[in-house]
Amino acid sequence: MAFELPPLPYSYDALAPYMSAETLEYHHDKHHQAYVTNGNKLLEGSGLEGKGLEDVVKGSFGKNQGLFNNVGQHYNHVHFWQWMKPNGGGSKLPGALQAAIDRDLGGFDKFRADFVNAGTTQFGSGWAWLAVKDGKLEVSKTPNGENPLVHGASPILGVDVWEHSYYIDYRNARPKYLEAWFDSLVNWDHVLEMYEAATR
Ligand code: FE2
């Protein structure tokens, strides 16, 4: 079955002023759509047709770069829209998530600093992540369309640091984008859901 572009789970202007309608229109309708369209084209004849998205991402990594770039980005963006919500962010996390961050990452403030730093120091396009590996949380960064799935981990939060995600609203100020994103947009309830699924 062909992959499809999911609708945004909120209106285009719902994340302003931290992420504008113009950014979401380009990012969702143009960039994400292109990953879906190109991914579906490259899926034909790849031997991975009919598999689920996660299996296509893992199955193409290191073997079919063109397909991987597009389906990796499709996976990343499907979740990226869900990892944000209007009036998100804040420092009050759901209990189980806060406990895990205290246990594995040295507390909320250190986690926030490490996550923002991962996004800031990813040279060129890529992502910063919070993922579960062997039952423990870890912060990481990846280039281009790569994600923790292909490194044996389960991503539970990721931020897009491609310029298309912030250049309209923040120009070159990537750290400012990352701080605003973390403090005002993250949908922690969704992060908790993914944490629980990854540790079940
Ligand atoms: Fe993106």
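The analysis underlying the following values was restricted to heavy atoms, covering all of them including side chains, and did not include hydrogens, waters or symmetry mates. The chain is numbered in sequence order, starting from 1. As the structure lists them, so they are numbered: ligands from 1, and atoms in each ligand from 1.
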Between Q73 and N76, is there a side-chain donor-acceptor contact under 3.5 Å, judged purely by atom types and distance? yes
List the atom of W129, the atom of G158, and the distance in Å for their closest heavy-atom pair. CE3-CA, 3.6 Å
If we count only N and O atoms by modelled type, under 3.5 Å, do the side chains of H27 and H32 hold a donor and an acceptor together? no
Number of protein N/O/S atoms less than 2.8 Å from the Fe ion (ligand 1)? 4
Could you pull out the closest heavy-atom pair between K58 and V150, with the gap in Å? CA-CG1, 4.4 Å
Do you know which two heavy atoms are closest between W83 and M194, and how far apart they sit? NE1-SD, 3.4 Å
Closest approach of I101 to F108 (non-hydrogen atoms, all atoms of both residues): CG2-N, 3.9 Å
